> 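Okay, handing you the structure first.
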Number of protein chains: 2
Amino acid sequence: MSSDKAGTGNGKPSMRDALVTAAFRLFLERGYEQTTVDDIVALAGVGRRSFFRYFPSKEDVVFPDHERCLADMTAFLAAGTGDEEPVRRVCDAARLVLRMYAENPTFSVQRYRLTKKVPGLRAYELSVVWRYERALADYLRRRFAARRDGTLQADVIAAAVVAAHNNALRSWLRSHGQGEASAAMDHALAYVQSAFGDAPAPAAQEQPEDVVVVVSRRGAPLWRVVQEIESTLGRA
Amino acid sequence: MSSDKAGTGNGKPSMRDALVTAAFRLFLERGYEQTTVDDIVALAGVGRRSFFRYFPSKEDVVFPDHERCLADMTAFLAAGTGDEEPVRRVCDAARLVLRMYAENPTFSVQRYRLTKKVPGLRAYELSVVWRYERALADYLRRRFAARRDGTLQADVIAAAVVAAHNNALRSWLRSHGQGEASAAMDHALAYVQSAFGDAPAPAAQEQPEDVVVVVSRRGAPLWRVVQEIESTLGRA
DNA sequence: GCCCACGACGGCACTGAGTGCACTCTCGGG
DNA sequence: CCCGAGAGTGCACTCAGTGCCGTCGTGGGC
């Protein structure tokens with residue numbers, strides 16, 4: 001437990017963290033809905049009004065660092081030079097979220113159990129995830145401005161990236177945060193990249209002869225091809 | 001205005017519809033957050049307690065028919081014989097939602113304006129849409145049970161279908177519900193079908209020989225392989 | 001050293017959503 | 001004529017969230 005993250009970047013022990021700690025202790029031992037804001041502030045030893053100074057709602061205390069993570073993501077997307085491969089870029093942006101979860105595995109797992117059980121928290125998490133998806137989609141819309149169905153492709157790809165990310169993240173959270181999450185994440189995001197295949201080419205200085213491909217029928221779906229490749233390469 | 005839909009299927013003038021009508025009149029003329037439940041029940045001429053008999057929350061009155069539509073969708077998905085093409089099936093299921101919106105264009109447009117302006121309603125709509133997405137994903141998970149990354153593919157495809165659907169639906173709603181919505185919907189869903197192309201055209205059960213892959217060097221990075229495949233297939 | 005402004009914190013009272021309970025009214029059946 | 005059930009209502013209560021104001025500590029200007 002304990003988020004060890006200074007709320008605004010300075011080095012205060014910060015009452016904000018005390019509220020998060022108190023809240024999670026109560027949420028875990030008696031449930032989210034059975035815990036009132038008065039209980040939290042009583043345990044933290046602060047005034048009730050101060051709670052709402054730091055968290056606009058009771059739900060927000062469950063996601064204390066998503067606001068900063070969303071800012072990081074938008075900054076990351078805005079920092080690009082503009083000639084990166086767009087799909088790869090949003091996949092890398094999604095990895096930022098995984099990294100935030102991986103920084104505090106036990107905290108992330110506890111929160112996962114909470115959101116899984118409480119419908120109100122699930123609904124709130126959706127609105128959080130939706131903002132990430134919008135950030136990705138807005139970036140792709142800018143990059144795809146010249147394409148024919150640019151906004152459609154942007155929305156669909158952003159949704160696919162988020163879904164793949166969530167799939168890998170949840171399976172990692174279900175396994176109590178054990179093991180390396182990034183491997184499954186790479187696998188999941190590779191599926192999306194292959195489906196919407198914007199040539200995943202970075203700064204490549206490898207010779208083209210290292211790969212020889214023969215495809216017998218051009219009508220085959222791309223995911224089938226990738227599946228075949230992966231089994232040929234001996235991957236899971 | 002007026003939802004003309006009998007709440008439970010029988011022919012009552014039903015107090016439920018009166019509440020929806022009264023609520024939307026007030027929402028449109030003075031805003032959602034400026035309207036209290038007491039205002040609604042006063043206009044409808046019923047007791048306050050009766051409102052919560054029909055709608056578990058104030059937000060629910062904005063989406064009076066989604067519960068039934070979700071039931072229709074799950075029934076549609078369960079009604080299949082099991083040999084339909086899965087991606088096409090979920091696309092058809094998504095079209096059911098569009099049909100519900102198209103049945104009451106003016107009502108749908110009014111609701112769209114509301115949800116666009118009020119953050120609380122946007123968040124609630126997300127949880128509604130999420131349930132559709134889960135229904136589609138669960139169906140695909142069953143159909144993809146034998147595949148290697150079945151649940152991953154199911155989640156990603158479901159998200160992509162919902163995103164494409166929402167993209168087409170929103171552009172139709174933005175244009176005041178004019179024109180034929182199904183054409184844009186077909187176009188959007190065709191994009192998803194082509195990306196995850198489970199046989200876009202016929203009901204062909206693919207033989208494994210449709211893909212033959214030869215890789216000359218096993219150390220090659222996956223993106224190089226995909227790049228080669230794409231150029232071989234003649235894609236962008 | 002003194003004072004004042006400012007910002008963080010706390011207390012209080014209020015609105016409004018949502019709930020549990022008990023009551024009435026109506027209707028259909030024995 | 002009575003009775004039981006279900007729909008609707010009124011009432012009182014909890015709790016999230018807000019506006020307002022008072023308090024306290026701190027730091028800077030004089």
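Just so you know, these numbers come straight off a predicted model, no measurement behind them. Here is how names work: the chains are called A, B, and so on, in the same order as the sequence lines, proteins then strands, and each is numbered from 1.
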> B/Phe55 near the nucleic acid: base, sugar-phosphate alone, or nothing, with a heavy-atom cut-off under 4.0 Å?
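No contact.
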> Output the rounded distance in Å from CG (B/Leu19) to C1' (D/dG8).
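About 12 Å, once rounded to whole Å.
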> Examine A/Arg111 relative to A/Tyr101 and say whether NZ or CZ is less than 6.0 Å from the centre of the six-membered ring and inside a 45° cone about the ring axis.
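Relative to the ring axis of A/Tyr101, which defines the angle, A/Arg111 lies inside both limits.
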> Does the distance from a Lys or Arg side-chain N to an Asp or Glu carboxylate O, for A/Asp92 and A/Arg89, drop under 4.0 Å?
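A salt bridge is absent here (no side-chain N lies under 4.0 Å from a carboxylate O).
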> With a 3.5 Å cut-off and sequence neighbours excluded, list the donor-acceptor pairs that the side chains of residues 41-55 of chain A form with protein atoms.
| residue | atom | partner | partner atom | Å |
| --- | --- | --- | --- | --- |
| A/Arg48 | NH1 | A/Asp38 | OD1 | 3.3 |

> Between A/Ser50 and C/dC9, is there a side-chain N or O to OP1/OP2 distance below 4.0 Å?
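For A/Ser50, the contact criterion (side-chain N or O under 4.0 Å from OP1 or OP2 of C/dC9) is not met.
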> Would A/Lys58 count as a cation-pi partner of A/Tyr124, with NZ or CZ less than 6.0 Å from the six-membered ring centre and within 45° of the ring normal?
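Relative to the ring axis of A/Tyr124, which defines the angle, A/Lys58 lies outside at least one limit.
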> Between protein and nucleotides 13-23 of chain D, map the contacts as a letter string: B base, S sugar-phosphate only, - none, heavy atoms under 4.0 Å, written 5' to 3'.
--SBBBBB---
> Specify the separation, in whole Å, of atom CZ of B/Arg16 and atom C1' of D/dG8.
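About 17 Å, once rounded to whole Å.
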> If you compare every side-chain N and O of A/Tyr54 against the phosphate oxygens of C/dA8 (OP1, OP2), does one of them come in below 4.0 Å?
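No, because none of the side-chain N or O atoms of A/Tyr54 sits under 4.0 Å from OP1 or OP2 of C/dA8.
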> Is a salt bridge present between A/Lys116 and A/Glu125, judged by a nitrogen-to-oxygen distance below 4.0 Å?
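Judged by the 4.0 Å cut-off on N to carboxylate O distance, A/Lys116 and A/Glu125 do not form a salt bridge.
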> Would one find more than 12 heavy atoms of other residues, nucleotides or ligands at under 6.0 Å from atom CZ of B/Arg25?
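For B/Arg25, atom CZ is not crowded (no more than 12 foreign heavy atoms under 6.0 Å).
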